[in-house]
Amino acid sequence: MAEGTTAGPATRTTRDLAKAATSGWLGTAMEFMDFQLYSLAAAIVFNQLFFPDVSPAIGLIAAMATYGVGYVARLAGALYFGRMGDRIGRKRVLYLTILLMGASTTLIGVLPTYAQIGLLAPILLVVLRLVQGFGAGAEIAGATVMLTEYAPVQRRGLIASLVSLGTNSGTLAASALWAFLLAVLSEEQLLAWGWRLPFLLSFVLMIFAVWLRRSLKESPVFEERADVVDGRAVSRAEAGGVLEKGLRQRKGKAFFLALGLRFGQAGNSGLVQTFLVGYIASTLLVDRSIPTDAIVYGSILGFATVPVVGLLGDRFGRRPMYAVLSVLTVVLAFPLVLMITSGSTVALVLGMVLALNVGVLGLFSLESVTMAELFGARTRFTQLALAKEIGGILATAIGPVVAATLTAVTGSWWPIAAMLVAYSLITLVATVLSPETRGRDLVELEDAA
């Protein structure tokens, strides 16, 4: 064993837990506010501002593709910051990621458009999207790991679901901002300057989040790890026999299970929160404020859905709740998309609200704790971040582009419902194959599977 002082039992007060919960909620809210601001802008105005010389259908595909490139950068950020978080602690990484996200989002708000500088405009948009994604790649994983490792075991699902409430808060704030702009600004005002306001306002949230994280204490699980000496994880050569069991275990199974669990929520999110908003406005020719309002209503309901699912996961286990929500999404996919595309405003709003809460937010509440419990303490941050971001690339980023292409080719809504079914079935299969992780000791170095 390396020389140094190994950490004893790490204690945290209720105040420490509250600060960690607020930090995790706020950082995740900021990440999802930034990304929802971008995704709604991509669906509503970016095709006109940055891709004006193409048809509406091609412009929507181009805007969705620009939205998707951020997920490539997220993967790089997940690997880079995930390894850093497992090696030197969660706190330092969370400080860096919030700075990167906030700065890049603010700068999007001052970008010149295609009409002002031509092709350089979408190029700069992609660059900032890449920087934003690089920082965001480890933000939600870090917040999830930190909050799960802080939480008392009997309430781990409920407390970890605060990360999901952060995503919901960010989605709600971004959707509400866009709904307000669409309601009070004319088309000319929105395209001239109104679209910039939400991006510029995110600067205020970044300053507060940075201030809060400066005084956050490190994760108690990180400090209690057998391989952490003087606040840093030792190498394999330095570890001696203390890591033998954790290092001997073959990695891979838990990662692929986590990836499968991620697929349903990630894919459904890209379809419901991003693609459908643009599809309803550009293809169904429904007023853009209606699907945006539906996301707002669904996010409000999510403040009840997320903690209730977290509590039920603590009571009945992660696997039963995953199975229930996945099956419900499969059964409801075609009826919900039919409601959304029926031409009735009431049916559209109700369909989107239900799809968001059952197929996205409910699964996200479970994902926050289950994926963290699947992995061993030594590589939890890295594996969780990579599983989230690879799932994001394969489902959330690519999904809207595929959906835009399929609906354009078929001229119908059924590919959207079919993709919801496919994503949810992947998660259902992963649920069947996964072990129950409720109550697991998070200090253990080996994976649960």
Side-chain angles (χ1 to χ4, degrees), residues 35-74 114 121-122 125-126 129-130 133 171 174-175 178 182 195 263-292 294-295 298 329 333-334 336-343 348 351-352 355-356 359-360 391-424 426:
F35 266 64
Q36 186 69 1
L37 285 176
Y38 192 102
S39 65
L40 288 172
I44 296 171
V45 296
F46 277 179
N47 59 329
Q48 300 176 64
L49 293 169
F50 294 95
F51 309 98
D53 294 338
V54 295
S55 69
I58 299 300
L60 180 59
I61 293 172
M64 290 297 107
T66 307
Y67 162 77
V69 298
Y71 283 88
V72 178
R74 288 178 70 110
Y114 186 93
L125 181 65
V126 170
R129 175 66 171 165
L130 290 171
T171 299
S175 301
W178 271 107
L182 290 170
W195 68 272
F263 235 81
Q265 184 277 327
N268 296 345
S269 175
L271 292 175
V272 175
Q273 293 176 259
T274 301
F275 174 73
L276 274 173
V277 175
Y279 178 80
I280 290 166
S282 64
T283 303
L284 301 183
L285 303 179
V286 174
D287 190 288
R288 290 175 299 187
S289 64
I290 294 175
T292 306
I295 296 295
T329 306
F334 278 87
L336 288 179
V337 179
L338 181 60
M339 289 171 62
I340 292 168
T341 59
S342 65
L348 186 157
M352 290 194 72
L356 180 62
V360 180
I393 291 173
L394 295 177
T396 314
I398 295 177
V401 180
V402 173
T405 303
L406 289 177
T407 52
V409 170
T410 63
S412 177
W413 56 265
W414 68 261
I416 307 170
M419 290 177 69
L420 288 171
V421 170
Y423 287 141
S424 302
I426 291 172

- To the nearest 0.5 Å, how far apart are OH in Y114 and CG in L125? 14.0 Å
- Task: Compare every heavy atom of Q273 with every heavy atom of I295, then report the nearest pair and how far apart it is.
- Result: CD1-CA, 4.1 Å
- Message: Can you confirm whether T329 sits close enough to Y423 that some side-chain heavy atom of one is under 4.5 Å from a side-chain heavy atom of the other?
- Response: no
- Query: Residues in side chain to side chain donor-acceptor pair (under 3.5 Å) with T407, at least two apart?
  - Reply: none
- Query: Of the non-hydrogen atoms in A355 and V272, which two are nearest, and what is the gap between them?
  - Reply: CB-CG2, 4.0 Å
- In this structure, CD1 of I340 is separated from CG of L276 (nearest 0.5 Å) by 5.0 Å
- Task: Could you pull out all residues at least two apart from L394 that satisfy side-chain contact (heavy atoms from CB on, under 4.5 Å)?
- Result: F263, I390
- Please report the shortest heavy-atom distance between G270 and P400, naming the atom on each side. O-CG, 3.6 Å
Under 3.5 Å donor-acceptor pairs involving side-chain atoms of residues 410-421, not counting sequence neighbours:
residue, atom, partner, partner atom, Å
T410, OG1, L406, O, 2.8
T410, OG1, S412, N, 3.3
S412, OG, W414, N, 3.4

- Task: Could you tell me whether the side chain of S269 and the main chain of V360 form a donor-acceptor pair under 3.5 Å?
- Result: no
- Identify the two heavy atoms, one from G359 and one from N268, that lie closest to each other, and give their separation to 0.1 Å. O-ND2, 2.9 Å
- Note on the structure: Rounded to the nearest 0.5 Å, the OG1 atom of T341 sits from the CG atom of L336 at a distance of 10.5 Å
- Query: Would L348 and M352 count as a side chain to side chain contact (heavy atoms under 4.5 Å, CB included) if you check the C-alpha gap in whole Å, the side-chain angles of each, and the deciding distance to 0.1 Å?
  - Reply: CA-CA 6 Å; L348 186 157; M352 290 194 72; 3.9 Å; yes
